[in-house]
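Structure record follows, encoded as structure tokens.
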Amino acid sequence: MFTGIVQAMGRITEVAKGPSAARLVIDPGTLPIDDVAIGDSIAVGGCCLTVVAIEGAAQARRLGFDVSAETLACTAGLDRPGPVNLEKALRLSDRLGGHLMTGHVDGVGTVVSLATVESEGWDKGSRRLVVEAPHALARYIAPKGSIAVQGVSLTVNGVDGARFHVNLIPHTLDVTTLAALAPGARVNLEIDLIARYVARMSEFDAAAGAALPR
């Protein structure tokens, strides 16, 4: 499990593609990895991946991950070198600063716009991010609910059909890859767990009610 509180920005430095998978090599940047072992889970751009290799000397270590063709087909940004948000898996004693996330990407959205919020107040320097979600996910996205974009826990400010917008404060822009987004960019989305189960229970109850004799 993860929280969506990004711990460091790393960089995919190598992508070696095979017939059915790819091996990613990641420079973890400032992410502390002294306690990371082979078999551990790390969220890379919002996608939970398993560490399969740790290479290099202490100050220049790189992490290796194997990514299946299915994962590559269902995510964005894992098929080429570039910056990525990183978060180590939760421990039971950790603070839950964002919201509970699985690291299972539900779909890929498209950035519509990233515009500066015109303000001289406390939110000066913030930006408004608008994303078009896949139609199948739109029903799970609600104002003031939670959503993960590229592994970052964010609060939905508003919804218009399949589009939603969030506010990115300067701190979030400084410590994540979101500041570099541009219209047309593809982003990994994970919907809120609670929304998923509420929708499933509603569907089940509706189906059960329709099956009752009248």
Side-chain angles (χ1 to χ4, degrees), residues 2-6 9-12 15 17 22 24 26 42-49 65 67-87 98-118 123 125-196 198-199:
F2 305 91
T3 68
I5 303 299
V6 172
M9 281 190 284
R11 174 171 286 275
I12 299 175
V15 179
K17 294 185 178 179
L24 307 185
I26 293 180
I42 294 180
V44 179
C47 181
C48 178
L49 299 178
F65 302 86
V67 185
S68 69
E70 173 67 16
T71 297
L72 291 174
C74 298
T75 60
L78 300 182
D79 58 346
R80 60 189 181 276
V84 285
N85 297 319
L86 300 176
E87 182 189 354
H99 70 283
L100 282 176
M101 293 163 43
T102 63
H104 300 159
V105 174
D106 291 304
V108 176
T110 303
V111 173
V112 177
S113 62
L114 178 62
T116 300
V117 175
E118 298 297 334
D123 56 347
S126 295
R127 295 188 190 179
R128 184 175 185 264
L129 173 65
V130 181
V131 176
E132 180 94 21
H135 181 76
L137 297 185
R139 63 195 296 259
Y140 301 105
I141 304 171
K144 306 309 176 186
S146 295
I147 192 166
V149 178
Q150 294 295 89
V152 183
S153 173
L154 299 169
T155 299
V156 177
N157 281 2
V159 176
D160 181 10
R163 292 186 178 185
F164 68 91
H165 67 268
V166 297
N167 189 72
L168 304 178
I169 63 174
H171 175 75
T172 301
L173 294 167
D174 288 341
V175 301
T176 72
T177 62
L178 300 185
L181 293 177
R186 300 170 73 242
V187 290
N188 295 323
L189 302 177
E190 181 181 337
I191 57 174
D192 183 47
L193 280 171
I194 296 174
R196 185 199 312 274
V198 167

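The basis for the numbers below is simple: all heavy atoms, side chains too, and nothing from hydrogens, waters or symmetry mates.
We find the CG-CZ distance between L72 and R80 to be 11.0 Å, quoted to the nearest 0.5 Å. Atom CD1 of I5 is separated from atom CD of E87 by 7.5 Å, given to the nearest 0.5 angstrom. Atoms CD1 and CG, from I141 and D192 in turn, are 10.5 Å apart once rounded to the nearest 0.5 Å. Note: L181 CG to R127 CZ = 9.5 Å, rounded to the nearest 0.5 Å. Rounding to the nearest 0.5 Å places CZ of F164 at 8.0 Å from CG of L154. From T71, atom OG1 reaches atom CG of L49 across 7.0 Å, with rounding to the nearest 0.5 Å.
Side-chain contact between H99 and L193 is absent, with no heavy-atom pair separated by less than 4.5 Å. I191 is not listed as a side-chain neighbour of L189, based on a closest heavy-atom distance of 4.5 Å or more. Side-chain atoms of L178 and Q150, non-hydrogen and from C-beta on, do get closer than 4.5 Å to each other. The shortest distance between side-chain heavy atoms of T3 and L100 does not fall below 4.5 Å. Counting heavy atoms from C-beta outward, N188 and V149 have side chains that stay 4.5 Å or more apart. D106 has its side chain within reach of R196: a pair of non-hydrogen atoms, C-beta onward, lies under 4.5 Å apart. T172 has its side chain out of reach of D174: every pair of non-hydrogen atoms, C-beta onward, lies at least 4.5 Å apart. Side-chain contact between M9 and V84 is absent, with no heavy atoms from C-beta onward closer than 4.5 Å.
Taking all atoms of both residues into account, the shortest heavy-atom contact from S113 to P183 is CA-CG, 4.3 Å. When all heavy atoms of A43 and F2 are compared, the closest pair comes out as N-CE2, 3.4 Å. When all heavy atoms are compared, the tightest approach of M101 to G151 is CE-O, 4.0 Å. In terms of heavy atoms, V130 sits closest to R128 at CG2-NH1, 3.5 Å. For the pair C47 and T75, the tightest heavy-atom approach, listed with the atom from each and the gap, is SG-CG2, 4.2 Å. Minimum heavy-atom separation, A138 to G161: CB-O, 4.0 Å.
Checked by atom type and distance alone, the side chain of E190 pairs as donor or acceptor with a backbone atom of G103 at under 3.5 Å.
None of L24, V67, L78 except one satisfies the side-chain contact (heavy atoms from CB on, under 4.5 Å) rule with V15; the exception is L24.
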Can you check side-chain contact (heavy atoms from CB on, under 4.5 Å) on V111 and V187, steps first, answer last?
CA-CA 7 Å; V111 173; V187 290; 3.9 Å; yes
What verdict does the side-chain contact (heavy atoms from CB on, under 4.5 Å) test give for V131 and V112, after you've listed the backbone C-alpha separation in whole Å, the side-chain angles of each residue and the deciding distance to 0.1 Å?
CA-CA 5 Å; V131 176; V112 177; 5.9 Å; no
I would like to know whether H165 and D160 meet side-chain contact (heavy atoms from CB on, under 4.5 Å); could you show each step before the answer?
CA-CA 9 Å; H165 67 268; D160 181 10; over 6 Å; no
Determine, step by step, whether V152 and L168 satisfy the side-chain contact (heavy atoms from CB on, under 4.5 Å) criterion, reporting the C-alpha distance in whole Å, the side-chain angles of both residues, the deciding distance to 0.1 Å, and the verdict.
CA-CA 10 Å; V152 183; L168 304 178; over 6 Å; no
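Side-chain N/O atoms of T176 and N85 include no donor and acceptor closer than 3.5 Å.
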